[in-house]
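Note sheet for the following structure.
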Amino acid sequence: MLYSEKVMDHFSNPRNLGKMDDADGVGEVGNAKCGDIMKIYLKIEDGIIVDVKFNTFGCASAIATSSMATELIKGQPIEKALELSNKAVVEALDGLPPAKIHCSVLAEQAVKAALKDYYTKNGMELDPAIFGSEDCGHCHSCDGGCDGCEG
């Protein structure tokens with residue numbers, strides 16, 4: 001399996017690695033099929049993500065996509081972070097092998113889950129177009145229904 005230099009760099013030197021005890025939003029997603037579990041912590045002030053940390057249990061691609069996703073949303077307004085797509089994460093890493101695309105989907109889902117937690121804790125309305133009407137269940141036991149999922 002061939003990884004880009006950026007994937008190897010983010011795997012070997014992950015950015016924003018760690019835990020945040022006073023997070024404003026926490027999102028955790030996992031894929032039982034591949035065993036990757038991602039947890040993202042957000043610190044938000046005046047609608048801006050001022051700090052972000054992550055813990056990921058998984059392969060090199062899972063760690064690299066988590067690291068890159070945190071870099072892409074740090075310092076950004078919530079609205080911009082909500083637009084983060086798995087494709088943007090893959091492009092920022094100069095690509096991923098096809099069998100590892102699901103890791104970028106998990107990174108996108110973890111960011112959205114943390115933002116959903118933030119919205120819920122602050123009594124903010126959840127837009128079904130952004131957050132979906134219900135959890136699809138694929139974050140915890142993938143059956144192949146997600147875009148890019150290997151199920």
Could you walk me through whether L17 and N55 satisfy the side-chain contact (heavy atoms from CB on, under 4.5 Å) test, starting with their C-alpha distance in whole Å, then the side-chain angles of each, then the deciding distance to 0.1 Å, before giving a yes or no? CA-CA 6 Å; L17 182 64; N55 280 321; 4.2 Å; yes
Would I130 and L84 show up in the same hydrophobic cluster when neighbours are defined by side-chain heavy atoms closer than 4.5 Å? yes
Do M20 and L72 belong to the same hydrophobic cluster, where Ile, Leu, Val, Met, Phe, Trp and Tyr are linked whenever their side-chain heavy atoms lie under 4.5 Å apart, directly or via other members? no
With a 4.5 Å cut-off on side-chain heavy atoms, are F11 and Y3 touching? no
Within the 3.5 Å criterion, strictly below it, is a donor on S4 or D94 matched to an acceptor on the partner's side chain? no
With a 4.5 Å cut-off on side-chain heavy-atom distances among I, L, V, M, F, W and Y, is there a chain of contacts connecting I78 to L126? yes
Tell me if a side-chain donor or acceptor on N122 pairs with a main-chain N or O of M124 at a distance below 3.5 Å. no
Is there a donor-acceptor pair closer than 3.5 Å between any side-chain N or O of T120 and the backbone N or O of K116? yes
Is the shortest heavy-atom distance from the side chain of D51 to the side chain of K74 under 4.5 Å? yes
Any ion pair linking D9 and R15 (charged N to carboxylate O, less than 4.0 Å)? yes
For the pair D117 (side chain) and G27 (backbone), establish whether a donor and an acceptor sit closer than 3.5 Å, ignoring hydrogens and angles. no
Which heavy atom in V111 sits nearest to a heavy atom in A81, and how many Å separate them? CG1-O, 4.0 Å
Any chance NZ of K19 has more than 12 other-residue heavy atoms, nucleotides or ligands included, within less than 6.0 Å? no
In the structure I gave you, are the side-chain heavy atoms of T56 and T65 within less than 4.5 Å of one another anywhere? no
Under-4.0 Å salt bridge between K43 and D22: yes
Are any side-chain N or O atoms of D36 and backbone N or O atoms of A62, one a donor and one an acceptor, separated by less than 3.5 Å? no
When you group the ILVMFWY residues by side-chain heavy-atom contacts below 4.5 Å and let the links chain together, are M8 and M68 in the same group? yes
Decide yes or no for V26 and L42: does some side-chain heavy atom of the first lie under 4.5 Å from some side-chain heavy atom of the second? no
Rounded to the nearest 0.5 Å, how far does CG of N16 lie from OH of Y41? 13.5 Å
More than 12 heavy atoms of other residues, nucleotides or ligands under 6.0 Å from CG of N13: yes or no? yes
